[in-house]
Amino acid sequence: MKAAIMGYGTIGSGVAEVLRVNRDVIAKRVGEPIDVKYILDLREFPGDPEAGKLVNDVNVIVNDPEVKLVVETMGGVHPAYEFVRANLEAGKSVTTSNKALVADMGAELIKVARENQVNFMFEASVGGGIPIIRILQTCLTGDVVEEITGIVNGTTNYMMTEMTENGSDFDDVLKDAQSKGFAEKDPTADIEGYDASRKIAILTSIVAGQTVDYQDIPTEGITHIDSQDIRYASKMGRKIKLLARMVKTGDTYCCRVAPYLLPSEHPLYPVDGVFNAVFVKGNMLGDSMYYGSGAGKLPTASAVVGDVVAMAKHEKRHIFVDWKDEKLELSDPSEQTNRYFVRANKVHIFPDAKIIPAGVDNETGFVTSLLSEKEMKEKTELLGKVFKIIRFA
Ligand code: HSE
């Protein structure tokens, strides 16, 4: 079978490498070999083993009936959306690693795939090499998923781990992460939580069967976390981690992305460095967790090629995906309840507060009882100066 790769950056070249290195084993699993016929990219790659396959017009791929499998690893929503759609309409199955495309256009592209009896797959869009999409779409379909809590951003998990283990400051850790290639030159999407927000929107959409708009998810990044917060956290025997959460609330779901204080008994507590993990609670299954490399060339390419193999094995047969292009109204986040860790200079507003002595001058660190977000907001207004509020997980 013939495949094409659109976008020959880190992930796209990883996909070509996985297909090349594992060609024989993949051929055995599919029943015939899968060869890359075209690579779409405007750049040149002299000396690259795939350089002879480069094309710069998407129509070469769209108009070639021999190509049945297409990989989209370009990133961004446009023109990735137009290119993916054109290939689906031409009767080719497409897989993508592009979470922005899936979060924005997932339901619509699934519909186009269904109308053309092909498949649109996106395993690598969440959790990199961790096959969390397939787990939710296939393995846990006998369960009602009651909660998903994920460490789904490697950059911020690396940064929080470094701050916890070495007591380093945020700015120094960010520079270190950038020099090691773990953080982008423009790290905004990671450190402000937007990347995690898109990922939990995708996971919630496939569990709910309807579209969650990531812009409806209250999202807080890690930019305000400092070394004193880390000091308080270790006094409490907890770690601060950026979590992407979804909890079933009646007929709908409540989502949030924020830094949380995780207790040592939580399965996500030991997940450190650039690793990702997704904790899933089912009403029959109980607790489960899926762990692995959430980013990087070959782990992400491995997930993409898993989709390529699935698409090759289901040529001309659309696999039903329950994700409608109908917006899901999430439940009111102000009704959510939590305990909160607070750093402020007045405690009396919280009569049940548990004081955390961490030797920080001119403030008191304390933990509240269980309060709704709304109650917490009202109390915070009375507090006057608040240095920090971090939720307990
Ligand atoms: N920037 C992302 C991360 C890459 O740090 O996890 C994988 O989506």
Side-chain angles (χ1 to χ4, degrees), residues 7 9-15 18 71-77 80 95-104 106 121-134 136 148-163 170 173-206 214 217 219-223 225 240-245 257-260 268 271-279 290-307:
T10 308
I11 311 302
S13 59
V15 170
V18 174
V71 170
E72 187 278 305
T73 44
M74 302 163 56
V77 180
T95 170
T96 183
S97 61
N98 181 345
K99 79 209 116 202
L101 176 67
V102 179
D104 276 20
M121 294 190 172
F122 44 90
E123 182 58 71
S125 64
V126 182
I130 308 171
I132 186 64
I133 303 277
R134 204 156 272 120
L136 294 173
I148 299 178
T149 299
I151 293 176
V152 287
N153 183 268
T155 306
T156 48
N157 204 43
Y158 173 80
M159 290 178 64
M160 295 315 304
T161 304
E162 287 294 302
M163 286 177 75
F170 182 88
V173 171
L174 179 57
K175 276 193 208 111
D176 166 61
Q178 284 170 318
S179 73
K180 290 186 171 136
F182 295 150
E184 308 269 349
K185 245 192 250 142
D186 177 1
T188 316
D190 295 316
I191 62 179
E192 297 291 359
Y194 308 143
D195 174 85
S197 174
R198 285 192 167 89
K199 289 169 175 168
I200 196 69
I202 294 171
L203 296 182
T204 307
S205 298
I206 59 175
Y214 62 88
I217 299 176
T219 297
E220 199 184 298
I222 60 161
T223 48
I225 303 293
I240 304 174
K241 302 246 175 225
L242 183 75
L243 300 182
R245 305 193 90 174
V257 172
Y260 280 84
L268 290 168
V271 177
D272 280 335
V274 290
F275 280 95
N276 281 196
V278 186
F279 169 85
Y290 310 92
Y291 171 87
S293 296
K297 179 176 173 168
L298 292 177
T300 309
S302 157
V304 173
V305 174
D307 279 353

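These numbers were taken from a predicted model, which means no experiment stands behind them. Whatever order the structure lists them in is the order used to number ligands and atoms, beginning at 1. Sequence positions, counted from 1, serve as the residue numbers for this chain.
- At least one donor-acceptor pair under 3.5 Å links the side chain of Glu123 to the backbone N or O of Ile132.
- For the residues Asp190, Asn98, Thr156, the heavy atom positioned nearest atom 2 (C) of ligand 1 is part of Asp190.
- When each atom of ligand 1 is checked for a heavy atom of Gly294 under 4.0 Å away, the hits are 7 (C).
- Lys99 counts as a contact of ligand 1, since one of its heavy atoms falls under 4.0 Å from the ligand.
- Looking only at protein heavy atoms, the nearest one to atom 7 (C) of ligand 1 is Lys199 NZ, 3.6 Å.
- For Asn157 (side chain) and Val271 (main-chain N/O), a donor-acceptor pair under 3.5 Å exists by modelled atom type.
- Put simply, the side chain of Thr155 gets close to the backbone of Phe182: a donor and an acceptor are under 3.5 Å apart.
- For ligand 1, the atoms sitting less than 4.0 Å from at least one non-hydrogen atom of Gly154 are 3 (C), 5 (O), 6 (O), numbered in the order shown with element in parentheses.
- Residue Asn276 has no nitrogen or oxygen atom sitting less than 3.5 Å from a nitrogen or oxygen atom of ligand 1, judged on distance alone.
- A donor atom on one side chain and an acceptor atom on the other are not found under 3.5 Å apart for Asn98 and Thr96.
- Counted by atom type alone, Asp272 and Tyr158 present zero donor-acceptor pairs between their side chains at under 3.5 Å.
- In terms of modelled atom types and a separation under 3.5 Å, the side chain of Thr219 and the main chain of Ile217 share a donor-acceptor contact.
- Protein heavy atom in closest approach to atom 4 (C) of ligand 1: Ala295 CB, 4.0 Å.
- Ligand 1 has an N or O atom lying under 3.5 Å from an N or O atom of Thr155, backbone or side chain.
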